[in-house]
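What follows is a short report on a single structure.
Side-chain atoms are counted along with the backbone in the values below, which use heavy atoms only and exclude waters and symmetry mates. Count residues from 1 along the sequence.
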Amino acid sequence: MSIADKIFVSMCEDIIANGTTTEGQRVRPRWEDGASAYTIKRFGVCNRYDLRVEFPAITLRRTALKSCMDEILWIYQRKSNNIHDLAPHIWDSWADADGSIGRAYGYQVGKVTRYPDGEYDQMDRVLKDLREEPFSRRILTNLYSFEDLPYMNLYPCAYSCTFNVTDDRREDGRLTLNLVLNQRSQDVLAANNWNVCQYALLLMMVAQSVGMVAGELVHMIADAHVYDRHVELVRELISRPQHPAPQVSLNPEVTDFYDFSTDDLRVENYVYGPQITNIPIAV
């Protein structure tokens with residue numbers, strides 16, 4: 001059975017059984033009818049996924065992997081903050097009349113910084129350092145720019161990636177690339193496996209681009225929560241049968257991060273439960 005399913009079920013059970021509630025507190029999110037959107041939350045959740053074992057897609061319901069990949073390319077490859085450059089409609093509620101979500105996500109990745117050896121944006125610097133100084137402990141991206149927060153339509157949720165290389169003495173000589181994803185807040189029902197899969201795909205694409213093997217994805221969530229109107233949906237979801245994880249790979253001919261597209265994603269033997277439709281989203 002999928003390891004990601006087991007991790008997801010355990011996390012949700014823990015949040016519902018042992019979490020604390022925000023009911024009665026002053027909260028920012030609102031439901032479509034204007035009511036306050038309260039949560040049951042756990043602080044400091046850490047989940048680990050080893051991509052050398054299997055791809056971390058849950059099978060309790062389908063995670064749209066091509067859409068996950070398109071959003072991660074929108075942020076880190078296209079470096080866009082405009083929904084017109086993105087196929088999924090997940091950011092529509094936060095976009096202005098021109099389609100911009102403000103100085104968030106791809107805007108931050110694309111900001112250029114002057115270094116002694118040249119000028120680089122965040123993604124270009126990651127790729128350069130992984131190729132030239134793979135054992136550096138300074139290879140990361142950070143989307144949480146305090147000076148730009150007033151100009152963001154939504155503060156970044158998943159905001160920091162730290163890349164770390166290990167030498168696992170593989171027979172083919174390749175190093176292993178690992179990734180720590182830091183997330184300040186997560187709507188577990190709507191976004192957990194979406195975020196896990198998209199950053200697993202980012203790890204795979206970056207690793208392939210620098211001649212490494214994708215290893216562990218460590219997902220740190222400061223505030224992992226289930227919204228009050230999601231609790232029964234989550235209970236039903238985690239009671240479903242679990243299936244083996246799908247086989248997920250990339251087109252091996254692509255070796256430049258900027259050449260990847262969703263057409264290069266290969267998904268096989270993905271068996272999953274029915275989708276949950278019309279999930280209410282707090283904004």
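For Phe43, the CZ atom sits in a loose shell: 12 or fewer heavy atoms of surrounding residues, nucleotides or ligands are nearer than 6.0 Å. Within 6.0 Å of NZ on Lys41 lie no more than 12 heavy atoms contributed by other residues, nucleotides or ligands.
For Asp98 (side chain) and Ser100 (main-chain N/O), no donor-acceptor pair under 3.5 Å exists by modelled atom type. Under a 3.5 Å cut-off, the side chain of Asp264 and the backbone N or O of Asn251 do not form any donor-acceptor pair. Checking side-chain atoms of Tyr270 against main-chain N and O of Thr63 turns up a donor-acceptor pair under 3.5 Å. Judged by distance alone, with hydrogens and angles left aside, the side-chain atoms of Asn81 form a donor-acceptor pair with the main-chain N or O of Gly102 at under 3.5 Å. Although no hydrogens or angles enter the test, the distance criterion places no donor-acceptor pair under 3.5 Å between the side chain of Asn269 and the main chain of Gln247. Looking at Arg103, its side chain never comes within 3.5 Å of a backbone N or O of Tyr151 through a donor-acceptor pair. Checking side-chain atoms of Ser239 against main-chain N and O of Glu236 turns up a donor-acceptor pair under 3.5 Å. Checking side-chain atoms of Trp74 against main-chain N and O of Asn82 turns up a donor-acceptor pair under 3.5 Å. Not one N or O on the side chain of Gln275 forms a donor-acceptor pair closer than 3.5 Å with the backbone of Arg61. Here the side chain of Thr21 pairs a donor or acceptor atom with the backbone of Glu23 at under 3.5 angstrom.
Remark: Asp70 engages Arg78 in a salt bridge, criterion side-chain N to carboxylate O under 4.0 Å. For Asp129 and Arg125, the salt-bridge test passes: some basic side-chain N is under 4.0 Å from an acidic carboxylate O.
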* After noting the C-alpha distance and the side-chain angles of Asp124 and Tyr258, does the key distance pass the side chain to side chain donor-acceptor pair (under 3.5 Å) rule? -> CA-CA 10 Å; Asp124 287 341; Tyr258 293 104; 2.5 Å; yes
* **His225/Asp187 under side chain to side chain contact (heavy atoms under 4.5 Å, CB included): CA gap, chis, key distance, verdict** => CA-CA 6 Å; His225 53 264; Asp187 176 344; 4.1 Å; yes
* Gln122 and Asn142: CA distance, side-chain angles, deciding distance, side chain to side chain donor-acceptor pair (under 3.5 Å) verdict -> CA-CA 8 Å; Gln122 292 198 50; Asn142 184 10; over 6 Å; no
* To do: I would like to know whether Leu73 and Met205 meet side chain to side chain contact (heavy atoms under 4.5 Å, CB included); could you show each step before the answer?
  => CA-CA 10 Å; Leu73 291 173; Met205 288 187 288; 3.8 Å; yes
* To do: Would you check, one step at a time, whether the test side chain to side chain contact (heavy atoms under 4.5 Å, CB included) holds for Leu51 with Leu217?
  => CA-CA 7 Å; Leu51 275 63; Leu217 170 64; 4.2 Å; yes
* Asked: Hey, mind stepping through Arg235 and Val231 against side chain to side chain contact (heavy atoms under 4.5 Å, CB included) and telling me if it holds?
  -> CA-CA 6 Å; Arg235 290 188 193 278; Val231 172; 3.7 Å; yes
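Partners of Tyr38 by ring-ring contact (aromatic ring centres under 6.0 Å, His included), not counting sequence neighbours: none found.
Linking ILVMFWY side-chain heavy atoms closer than 4.5 Å, directly or via other members, places Leu140 and Val109 in two distinct hydrophobic clusters. Taking hydrophobic clusters as Ile, Leu, Val, Met, Phe, Trp and Tyr residues chained together by side-chain heavy-atom distances below 4.5 Å, Ile72 shares a cluster with Ile90. Taken together through direct or relayed side-chain contacts under 4.5 Å among Ile, Leu, Val, Met, Phe, Trp and Tyr, Val218 and Val188 form parts of separate hydrophobic clusters.
With rounding to the nearest 0.5 angstrom, the CD atom of Gln208 is 4.0 Å from the CZ atom of Phe260. Of the inter-residue distances, the one linking Met123 atom CE with Ile75 atom CD1 reads 11.5 Å to the nearest 0.5 angstrom. With values rounded to the nearest 0.5 angstrom, Thr20 atom OG1 is found 9.5 Å from Gln25 atom CD.
Of the options Lys111, Arg114, Lys128, a salt bridge (Lys or Arg N to Asp or Glu O under 4.0 Å) to Glu119 is made by Arg114 and by none of the others. With respect to Gln183, the side chain to side chain donor-acceptor pair (under 3.5 Å) criterion is satisfied by exactly one of Asn195, Asn192, Asp223: Asn195.
Side-chain contact between Ile3 and Tyr49 is absent, with no heavy-atom pair separated by less than 4.5 Å.
Separation of the Tyr105 and Tyr107 ring centroids does not fall under the 6.0 Å cut-off. Residues Trp31 and His230 bring their aromatic ring centres within 6.0 Å.
Closest approach of Val248 to Leu265, counting heavy atoms only: CG1-CD1, 3.7 Å. Between Ala57 and Ser2, the closest heavy-atom pair is O-OG, 3.3 Å.
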